[in-house]
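Just so you know, ligand 1 is whichever comes first in the structure, and atom 1 is the first atom listed for that ligand.
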Amino acid sequence: MIIKPRTRGFICTTTHPVGCAAQVQKQIEYVQAKPAIHGPRNVLVIGASTGYGLSARIAAAFGAHANTVGVYRPSAGSEKRTASAGWYNSAAFEKAAEAAGLKSFSVTGDAFSTETKTKTIELIRKELGKVDLVIYSVASARRTNPVTGEFSNSVLKPIGHSYTNKTVNFHTGEVSEVTLEPATQQEISDTVTVMGGDDWQQWMNALSEGEVLTNDVTTIAYSYIGSEITQAIYREGSIGQAKDHLESTALQMNEKLAAHGGRAYVCVSKGLVTQSSSAIPVVPLYMSALYKVMKEKGLHEGTIEQTYRLFSERLYPASGVTPLDDQGRIRIDDWELREDVQAEVQEIWNQITTENIYELTDLVSFRKEFFQLFGFETEGVDYDADVNPDVAVPHSI
Ligand code: NAD
């Protein structure tokens, strides 16, 4: 099959196995070229197939020589249909891990379900004994309650008032104004149910009861704060309420784990192009301006650069001390939020129009990175070649 990108709104409905494998290889090589991390031995990554979770799995395996278990949604391909990018990424990761003599396993299923948690615990017990690092990196629009079977949907809306700002159609470069109506109380509470700390806590409780955590286990989940420009839609919006919940969950969890040498943190990361962030209104335009400024200042990072810095300078630094902010959070968004960076982004923001967008922002890179998430626009890949979309993940249950 010859696979070309096909888009619907902010998603790409086709994916390229060779391109995804090349993207994974690029991340592996980045980590391998850096000094080794004296970090975890056995790692569980929940939400491991794309974005921050995939990079965490790569940094743990190829930076710290750790064995890994990755949990993600199943989406295999067939002879006629492409798999998800996450599926191809995981297949490439597992092949490379095996070649490097590392153990790696995939549990494919709904991370929110009891069944997936049970399967994961049994696998850890059988193959690794215990894990000393748990990364929670699930980003989802929907959660099914494992007990009642009811759905909750997360929304990206402001709270209390409608909000108008610039946004971009990143395929065409057309800048327009978007008005978003405020979330209802039910929508806010559903967003907290999906993206807050509840499922992370349930995972940690189940792993602890299953006796598959080391006493000194570390666990992290990801948060975002971001710029003044995106406050109303992100941190002060419905998703921000979920992040507040996630952050207070981390503090409570940390208190409990600290009793026997463990720790739990939220890591506040940088805004980056991932399948989840591309879907947020206003954010892609902000990121295009941010990319431009951070690249000019030599501060630009992707998920793998952020993750290597997280592991080597925050979670496992030579000093043995994890630096935290005054709210107990790990900050790896320090360069994004630097005053000079934000001042320049704001200046650009005030001027952006359809006519000057390519000159003032790095929309070209945003768009390219978006397609790279699905395995397209990747150097060295022959997109006219016939490829088999049916790729197996070697150690998947
Ligand atoms: P992503 O979409 O790239 O990754 C999400 C992962 O979750 C994937 O591996 C996917 O398979 C998995 N997943 C989703 N629903 C699942 C389910 N029901 N069962 C099993 N797996 C499921 O997203 P990302 O941007 O890497 O986000 C990860 C975390 O990082 C989120 O908490 C997000 O808020 C946070 N974060 C993202 C950014 C950003 O700009 N991208 C910035 C700061 C923080």
In this structure, atom 11 (O) of ligand 1 is nearest to the protein heavy atom S49 OG, 3.1 Å
of all protein heavy atoms, closest to atom 23 (O) of ligand 1 is S276 OG, 3.2 Å
Atom 8 (C) of ligand 1 has as its nearest protein heavy atom T50 OG1, 3.3 Å
closest protein heavy atom to atom 12 (C) of ligand 1 is G47 CA, 3.7 Å
_Any atom of ligand 1 sitting under 4.0 Å from a heavy atom of G271?_
yes
of all protein heavy atoms, closest to atom 13 (N) of ligand 1 is V138 CG1, 4.0 Å
Check this for me: K4, atom NZ, are more than 12 non-hydrogen atoms of other residues, nucleotides or ligands nearer than 6.0 Å? yes
CD of Q346: more than 12 outside heavy atoms within 6.0 angstrom?
yes
**Request:** Report yes if the side chains of K270 and I332 come closer than 4.5 Å at any heavy-atom pair, otherwise no.
**Result:** no
Among S137, A48, S223, closest by heavy atom to atom 44 (C) of ligand 1 is S223
salt_bridge(K157, E187) N-O dist < 4.0 Å:
yes
- prompt: N153 and R142: side chain to side chain donor-acceptor pair (under 3.5 Å), yes or no, with the steps?
  reply: CA-CA 4 Å; N153 290 309; R142 170 177 266 229; 3.1 Å; yes
Next on the checklist: Is the ring pair Y316/F311 parallel, tilted or perpendicular, if the boundaries are 30 and 60 degrees?
Outcome noted: tilted
min-distance protein heavy atom vs atom 19 (N) of ligand 1 -> A111 N, 2.8 Å
Judged by heavy atoms only, the candidate from Y72, F112, W200, Y52 nearest atom 37 (C) of ligand 1 is Y52
Between T219 and the options Y136, W203, W200, the side-chain hydrogen bond (donor to acceptor under 3.5 Å, both in side chains) test singles out W200
>> Tell me whether ligand 1 is touched by A221 - counting only heavy atoms on the residue side and a distance under 4.0 Å.
In response: no
- Message: Keeping T68 on the side-chain end and S104 on the backbone end, is there a donor-acceptor pair under 3.5 Å?
- Response: no
Exercise for review: Give the intermediate values and the outcome of side chain to side chain donor-acceptor pair (under 3.5 Å) for residues Y224 and E336.
Suggested key: CA-CA 11 Å; Y224 185 61; E336 171 179 1; 2.7 Å; yes
the protein heavy atom lying closest to atom 14 (C) of ligand 1 turns out to be A139 O, 3.2 Å
If you compare D333, V71, T274 by their heavy atoms, the one closest to atom 41 (N) of ligand 1 turns out to be T274
Checking heavy-atom distances from atom 30 (O) of ligand 1 to each of W87, Y136, Y222, Y224, the winner is Y222
Looking at K243, K270, R143, the heavy atom closest to atom 31 (C) of ligand 1 belongs to K243
of all protein heavy atoms, closest to atom 40 (O) of ligand 1 is L272 N, 2.8 Å
### Task
Decide whether T164 and T179 meet the rule of one side-chain donor and one side-chain acceptor closer than 3.5 Å.
yes
